[in-house]
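For reference, the structure is listed below as structure tokens.
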2 protein chains.
Amino acid sequence: MSDLIKPWILLEEEDISPSAWYPLRKHKVQLPNGLVVDDYFLSPLGDVVQVLAITPDNHVVLTRQYKHGIGEILLELPGGMQQKDKTLLQSAVAELEEECGIKAAEEDLKYICKFAINPTKLRQTTYGYILFNAQFNSTQRFDITENIEVITLPAPEVLRLVDEGTIWVTDSMNLILMAARQYPDIFGR
Amino acid sequence: MSDLIKPWILLEEEDISPSAWYPLRKHKVQLPNGLVVDDYFLSPLGDVVQVLAITPDNHVVLTRQYKHGIGEILLELPGGMQQKDKTLLQSAVAELEEECGIKAAEEDLKYICKFAINPTKLRQTTYGYILFNAQFNSTQRFDITENIEVITLPAPEVLRLVDEGTIWVTDSMNLILMAARQYPDIFGR
């Protein structure tokens, strides 16, 4: 790695969020070549947690849910935004219980990987965890705007759904693919 | 799959983009439970193309670039937004030449996969391609805000950088991981 590539310098920041639900910033920045850009727009959407939950019979817990950003019904892993006043792990535990009715202990979630989501326009990182021995021991609790169908499928079948493009949301794909590299036996190598 | 999960109905759309560089929409929507939400915000950021270019000696072409959204210098695959008046494939060819000085023929790019980027808040899909026999036969051409260092590394080493978290942008991770499943010999299985 050279020192050819340098970060930009933030000169001014303006909060132009249209809503608490869509944070937006206007930055005045200076580039390494001296150029000053008055209006660079980015959204600090906040961090995301996601859980690959595996049941005792080696099924993966999936959610089926309408997502209005893209306007489609999607098959994904459970997860959501980091919650207010909660750590990433606490948020992952909470999302799993709220979306799927699975109450897990924080110490049972193992970190798999993190990934940056559109680093040009967003400030958002997803943190992915795996949970073994997932139990449907609680009840779903939705926000009024949420409606989630929970589906379980054998882990090798879930990997096949990634390969064939049925599971095609980047967060879910990435966490499944990385988990399959770290725990190949689960996915039937 | 059941019919439990239904799409929302778009009632009104307002363009509240602060700039051509950050499209933003305010939607009034009706949910399947009848609830009307007056202010759902989403950004139709537009589609992205990305290329995993492999040289004749089995190296992967990587870019090192500062991304101000996340505020970090990142190692990624070449790519960018779909360009005006260009197809996805034409855009992929153009981005590869502009960022890396590699001029390829459209028919030499093979589709690997697509993925949705934050389907809750964005309307954005990335399309990933692989190019074999990549040649540095042209010259880089940057926008005035761009500065890109091109690096080539052996394909198995690039997969190791994904495994260890050094390559951690979701688009690049996903395309490398999917290509490694479709062309395992390249990555030294």
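Only a predicted model underlies this, so the values are computations on that prediction, with no experimental measurement involved. Here is the naming used below: chain letters follow the sequence lines, and residue numbers restart at 1 for every chain.
- B:I117 pairs with exactly one of A:I117, A:V169, A:D171 by the side-chain contact (heavy atoms from CB on, under 4.5 Å) rule, that one being A:I117.
- No side-chain heavy atom of B:I70 sits less than 4.5 Å from a side-chain heavy atom of A:Q124.
- Here ring-ring contact (aromatic ring centres under 6.0 Å, His included) pairs that include residues 119-143 of chain B, with residues two or more places apart or in two chains, are B:F132-B:Y183.
- Looking at A:L35, the atoms closer than 4.5 Å to chain B (heavy atoms on both sides) all sit in the side chain, from C-beta outward.
- If you tally non-hydrogen atom pairs under 4.5 Å between each of A:V37, A:L45, A:I167, A:V48 and chain B, the highest count goes to A:L45.
- In this structure a side-chain-to-backbone donor-acceptor pair under 3.5 Å is present from B:K121 to A:W21.
- A:L159 and B:L159 fall within a single hydrophobic cluster, where Ile, Leu, Val, Met, Phe, Trp and Tyr side chains are chained together by heavy-atom contacts under 4.5 Å.
- Pairs engaging residues 58-79 of chain B under the ring-ring contact (aromatic ring centres under 6.0 Å, His included) rule: A:W8-B:Y66, A:W8-B:H68, A:H27-B:H68, A:Y40-B:H68, B:Y66-B:H68 [sequence neighbours left out].
- Distance CG/A:N33 to CD1/B:I144: 6.0 Å, rounded to 0.5 Å.
- Under the 4.5 Å side-chain heavy-atom criterion for Ile, Leu, Val, Met, Phe, Trp and Tyr, A:L175 and A:I151 are members of the same hydrophobic cluster.
- A:L77 and B:F115 fall within the same hydrophobic cluster, where Ile, Leu, Val, Met, Phe, Trp and Tyr residues are linked whenever their side-chain heavy atoms come under 4.5 Å apart, directly or through other members.
- Follow the hydrophobic side-chain contacts under 4.5 Å out from B:Y111 and you reach B:L109 in the same cluster.
- At a 4.5 Å heavy-atom cutoff, B:E72 makes no contact with chain A through either its backbone or its side chain.
- Looking at B:S172, neither its backbone nor its side chain comes within 4.5 Å of chain A, counting heavy atoms on both sides.
- Under the 4.5 Å side-chain heavy-atom criterion for grouping Ile, Leu, Val, Met, Phe, Trp and Tyr, B:I176 is connected to B:I130 within one hydrophobic cluster.
- Between A:T126 and B:T170, every side-chain heavy-atom pair lies at or beyond the 4.5 Å cut-off.
- Only the side chain of B:I16 comes within contact range of chain A, with at least one heavy atom under 4.5 Å from a heavy atom of that chain.
- Across A:I148, A:T120, A:L4, A:L74, the residue that shares the most heavy-atom pairs under 4.5 angstrom with chain B is A:T120.
- Put simply, of B:L10, B:D163, B:L24, B:V162, the one with the most heavy-atom pairs under 4.5 Å next to chain A is B:D163.
- Heavy atoms closer than 4.5 Å to chain A are found in both the backbone and the side chain of B:N147.
- Within the 4.5 angstrom heavy-atom criterion, only side-chain atoms of B:V29, from C-beta onward, approach chain A.
- Looking at heavy atoms from C-beta onward, B:T125 lies in side-chain contact with A:W168 at the 4.5 angstrom threshold.
- With values rounded to the nearest 0.5 angstrom, A:L177 atom CG is found 8.5 Å from B:M173 atom CE.
- Contacts with chain B were tallied for A:Q182, A:R123, A:M178, A:K26; A:R123 has the most, counting heavy-atom pairs under 4.5 Å.
- The structure places CD1 of A:I73 at 7.0 Å from CD1 of B:I5, a figure rounded to the nearest 0.5 Å.
- Heavy atoms only, all atoms of each residue included: B:Y22 and A:L122 are closest at OH-CD2, 3.6 Å.
- Interface remark: B:S43 contributes backbone and side-chain atoms alike to the contact with chain A (heavy atom separation under 4.5 Å).
- The main-chain N or O of A:S19 is never found under 3.5 Å from a side-chain atom of B:D39 such that the two would form a donor-acceptor pair.
- Counting heavy-atom pairs under 4.5 Å between each of B:P119, B:P18, B:C113, B:G71 and chain A puts B:P119 at the top.
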